[in-house]
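Everything numeric in this text was worked out from a predicted model, so none of it was measured. Chain identifiers are assigned alphabetically (A, B, ...) following the order of the sequence lines, protein sequences preceding nucleic acid strands; residue numbering begins at 1 within each chain.
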Amino acid sequence: MSKTFDHSKIEKKWQERWSVEKKHTIDLSDSENKLYMLVMFSYPSGDKLHIGHWYNYGPTDTWARFKKMQGFKVFEPIGFDAFGLPAENYAIKHGIHPAISTRNNIKYMTEQLQRIGAMYDWDKYLNTSDPDYYKWTQWIFLKLFEMGLAHREKAPVNWCPSCLTVLANEQVKEGSCERCGTTVEKKELSQWFFKITKYSDRLLAGLDEINWPKSTKMMQRNWIGKSKGTTVFYEVDGHDEKIEIFTTRVDTIFGATFIVLAPEHHVLDSITTDEQRNKVTEYVERTRERSEIERITNDREKTGIFTGSYAINPITLEKLPIWTSDFVLTGYGSGAIFGTPGHDQRDWEFATKFKLPIKQVIEPYNNEEVDLTKRVCSGEGVLINSGSYNGLDYKDAIVKITEELKSKGKGHHSVNYRLRDWLISRQRYWGAPIPIVYCESCGTVPVPEKDLPVLLPEDIDLEKNIGSESSPLAESESFVNTDCPKCGLKGRREVDTMDTFVDSSWYFLRYTNPQYSEGAWDSSLVNEWLPVDQYVGGQDHATMHLLYARFVCMALYDHKLLNFEEPFTNLYHQGIITNDGAKMSKSKGNVVSPDSFIDNYGSDTFRMYLMFMGPYDEGADWNDKGILGIHRFLNRVWRLCKGETAVKITEDSNKELSTAMHQTIKEVTKDLQDMRFNTAISRIMEYVNALYKVNNVNKDLLETLILILAPFAPHISEELWELFEHKSTVFEHKWPEWDEEIAKSLTITVAVQILGKLRGSFEIESGLTDDILVDNALKLPNIKKHMEGKTLLKSIVIKDKLVNFVVK
RNA sequence: GCCGGGGUGGCGAAACUGGUAGACGCAAGGGACUUAAAAUCCCUCGGUCGUUUAGACCAUGCGGGUUCGAGUCCCGCCCCCGGCACCA
């Protein structure tokens, strides 16, 4: 008979029992000792659940089970982020309605999720494409609209010609669509935005209050990009126009030799002289045709055209030629700069190219040689060639010059942000319709709450819509034509749907009661159970989902709908599981399915292997070579506990093993607390190895083993726990505690060094004085040998560890 | 270019606030059991030298430094991964 455990049978048995006995259904009405453990829900794609998902879900369940055993009331929900483009594209290709393909994918993926054996509370399951859910996504839109945080505006926006929709700034990476990699185009379109910029400072301040990875906080800070500086107003010689310029280095204003406007700048047209008009117009048009990626390519040579006009430097009253160039961005600051070519790399390149004068107005601190004909001198220093400001440190000069500008009414201190408003319109079908009606007499009218949800129309031929730049919803007459909720006359519905990041920016609130019909959530539950105590997911969402969710919660807080501002108190990012060094993705064809590993080895082995591969936040390159080792280990535990080895189970106690047991509990507890799963598993392995080395072990040693193994391998642990005649499940037993006294080793090994080089060691009981350790060390033959002919200058003793002799 | 993270055996990796580098596992080699194989159990396993032992020297990306002692701290480089990138 096989002596390996039957993982299929055991896992099936316990998963059924947990489900039947509702072990993971949490009654949220009592929030004492609550712990809300959240993982990022997944998109129900045709790829199904892959190893990357498992890497998120398996280890977090281990942590959750550990916390449950420590006495926390753990809430671990799961669901699907089910709206989105891939289902729609799939529909276009295969003629299957997104609702159907999504339902099929969810069905399959739910089965996969269940095989993990996680403590998911399936009663709280949700799906964002369900009308019962997106009704409330629309409701949140209305709340933001009420607050003036949702507005429609014509603006140059990012358009992905492959996805046939606009994208938020956050979804454009290096000028390309984050999803499909296609180069995005700039388009001037009327779109819906959420006013996230209004929360820039609070989004920054909140980061100090939450326990998030510092790299993620840094990414959000950089993304928000707050910079303090000065706004300067320039008069245009011979015109009424004023040019507003933002700078962080107003100290270099004496070195300004030209002004540059972005090609889209609103005064450009009116200040351009007749002689220059043709050239300027041509340049502006050429810029418009150039793609974003071309424009932002760093090594591109500077281009630009002189407008023929001059601006007056408000401090020096010098006349500065006004140019236009595409290196000045329209969306940042006011879309205009003053060029200080001596001290700014880009301005230097521009001045060099167009033979504009270059002036030095900063003397660098470190007296380095300055040759502005050869290279720029950026950085910090003291002012020169700056009139009465000469000799001032640049930092003081910034303050003083701004004061002068302010007194003359030519400027003031100001702050700029890189963050743009969140563009939420999508010209696609498979998303929540934006609940707005346009009426000729009433204008933009929000759909009343009682009329929600605005259901997605069914009568749409998605295939017909390919290539169209308008939303597929525009196809449906019955959807578009409606009565104005205000005046009752004819109106037209908004045809765009919402960015799916809106769906995911509040799902963690809905989890507390996804069936709730009185509102988006039951405040009595949400205000008790939120914020999320531990959130785990990939870092790729750092400046998207994780930023949007924070914004939405702050807005809802301001609307008095929530009693907290920050949704996720603690955040952790698991690393990425790559395959041949590349991230797993369908397009690369390197996705590894967990299914066959579950069939062959079981969930216990597989999840444990994922945790054993390396540090959880570092991820790993996928490799199934070591999975057998974990399987062997679980078998060793199985046989040991069943008494199928040479080690007999008796009543005898064993002092040494007892010490090992308490040490193991201590180390495993600490490692688990910090999600150091790999080392925790190593400790348990060492413990098992120690148990195998003796002739007999007692029940206490084994039961402790089962208890500390349980979060890692829940099914086999339950089975063994039952074998030891326990009625309740192992997870209802409390996590073992260690006794510091017993955990102390009786004997220790002391290393003996001479001048820091290891020359020997000896075993001795712990807790002895320095003198005794030195005496013992000096007795070692090898030490005597090395000490011959030398004088001992000093003995360094580290208690219970090491003796080092300094000799000459 | 700027901001994070990292570089340790054949491989995945350990090493708490500076204190025996390589725990644990994989792979490999040897042995026990077996008719045989699988499974299992035990042993060896960074490199060079040394007959085994004892031991010595070299080893944590590279070059310096601080220290009785450095994978760990400091200075200067190189490489890999992630993010931002003409942001004024």
> What is the glycosidic conformation of B:G9: syn, defined as within 90° of 0, or anti?
Replying inline: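 Classified syn.
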Watson-Crick or G-U wobble mate for [N], both contacts under 3.5 Å:
N	value
B:G4	B:C81
B:G10	B:C26
B:C62	B:G76
B:A38	none
B:U48	B:A56

What's the gap between [N] and [M] when it is taken at their [atom1] atoms, as a whole Å value?
N	M	atom1	value
B:G10	B:C43	P	24 Å
B:G47	B:U53	P	14 Å
B:G22	B:A15	C1'	9 Å
B:C16	B:G6	P	13 Å
B:A14	B:C86	C1'	46 Å
B:C81	B:A13	P	16 Å
B:G9	B:A27	C1'	12 Å
B:G4	B:C74	P	14 Å

>> Could you check whether A:His413 and A:Thr230, counting side-chain N and O atoms only, form a donor-acceptor pair closer than 3.5 Å?
In response: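 No, no side-chain donor-acceptor pair sits under 3.5 Å.
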> For A:Glu170 and A:Trp223, does a side-chain donor sit closer than 3.5 Å to a side-chain acceptor?
Replying inline: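 Checked: A:Glu170/A:Trp223 side chains pair up, N/O donor to acceptor below 3.5 Å.
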Among [options], which nucleotide has an atom closest to any side-chain atom of [X]?
X	options	answer
A:Lys214	B:G4, B:C24, B:C84	B:G4
A:Gln753	B:A88, B:G83, B:G19	B:G19
A:Tyr332	B:A88, B:C84, B:U20	B:A88

> If every non-hydrogen atom of A:Pro594 is compared with every non-hydrogen atom of A:Phe606, which pair is closest and at what distance?
Replying inline: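 Looking at all heavy atoms of both residues, the shortest contact is CB-CE2, 3.6 Å.
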>> Please find the pair of heavy atoms, one from A:Gln574 and one from A:Val536, that lie closest to each other, and give the distance.
In response: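 Of all heavy-atom pairs spanning A:Gln574 and A:Val536, the closest is OE1-CG1, 3.9 Å.
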> Does A:Ser227 place a side-chain N or O at less than 4.0 Å from the phosphate oxygens OP1/OP2 of B:A88?
Replying inline: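 Yes.
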>> Any side-chain N or O of A:Lys757 below 4.0 angstrom from OP1/OP2 of B:C58?
In response: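 Checking B:C58 against A:Lys757, a side-chain N or O does come within under 4.0 Å of OP1 or OP2.
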Check whether the ring centres of [X] and [Y] lie less than 6.0 Å apart, and answer yes or no.
X	Y	result
A:Phe327	A:Phe350	yes
A:Phe633	A:Phe612	no
A:His545	A:Phe501	no

Could you tell me the separation between the [atom1] atom of [X] and the [atom2] atom of [N], rounded to a whole number of Å?
X	N	atom1	atom2	value
A:Met608	B:C26	CE	C1'	15 Å
A:Met685	B:C24	CE	P	10 Å
A:His541	B:G82	NE2	C1'	15 Å
A:Lys642	B:U40	NZ	C1'	16 Å
A:Asp800	B:U20	CG	P	13 Å
A:Leu758	B:A59	CG	P	16 Å
A:Leu793	B:G69	CG	C1'	15 Å
A:Asp540	B:G83	CG	P	9 Å

> With side chains defined as the heavy atoms from C-beta onward, is the minimum distance between A:Val750 and A:Asp800 less than 4.5 Å?
Replying inline: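 Contact flag for A:Val750/A:Asp800 side chains = no.
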> Mind checking what makes salt bridge (Lys or Arg N to Asp or Glu O under 4.0 Å) contact with A:Asp674, not counting sequence neighbours?
Replying inline: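 Salt bridge (Lys or Arg N to Asp or Glu O under 4.0 Å) list for A:Asp674, sorted by chain: A:Arg676.
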>> Heavy atoms only, 4.0 Å cut-off, all strands: where does A:Gly225 land among base, sugar-phosphate and nothing?
In response: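 Nothing: the residue A:Gly225, judged by heavy atoms under 4.0 Å, touches no strand.
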> At under 4.0 Å between heavy atoms, what does A:Asp344 touch on the DNA or RNA strands: base, sugar-phosphate, or nothing?
Replying inline: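 The residue A:Asp344 makes no contact with any strand.
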> So does A:Asp671 pair up with A:Lys666, basic N to acidic O under 4.0 Å?
Replying inline: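 Salt bridge between A:Asp671 and A:Lys666, a charged N being under 4.0 Å from a carboxylate O: no.
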> Pick the nucleotide of RNA chain B nearest each of A:Thr216 and A:Val750; which residue has the one closer to the 5' end?
Replying inline: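 So the residue in question is A:Thr216.
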>> Heavy-atom nearest nucleotide on RNA chain B for A:Gln539 versus A:Ile337: which residue maps closer to 5'?
In response: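 Residue closer to the 5' terminus by nearest nucleotide: A:Gln539.
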> Looking at A:Trp212, is A:Arg221 sitting on its ring face, NZ or CZ under 6.0 Å from the six-membered ring centre and within 45 degrees of the normal?
Replying inline: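 Geometry flag: not set, cation outside 6.0 Å or 45°.
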> What does nucleotides 41-55 of chain B look like as a protein-contact string, B for base, S for sugar-phosphate only, - for none, at under 4.0 angstrom between heavy atoms?
Replying inline: SS------------S
>> Base contacts versus sugar-phosphate-only contacts with protein, heavy atoms under 4.0 Å: please encode nucleotides 9-17 of chain B as B, S and - from 5' to 3'.
In response: ---BSS-B-
> So, does A:Ser766 use its side chain to make a donor-acceptor pair with the main chain of A:Ser745 at under 3.5 Å?
Replying inline: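 Looks like yes, one N/O pair under 3.5 Å.
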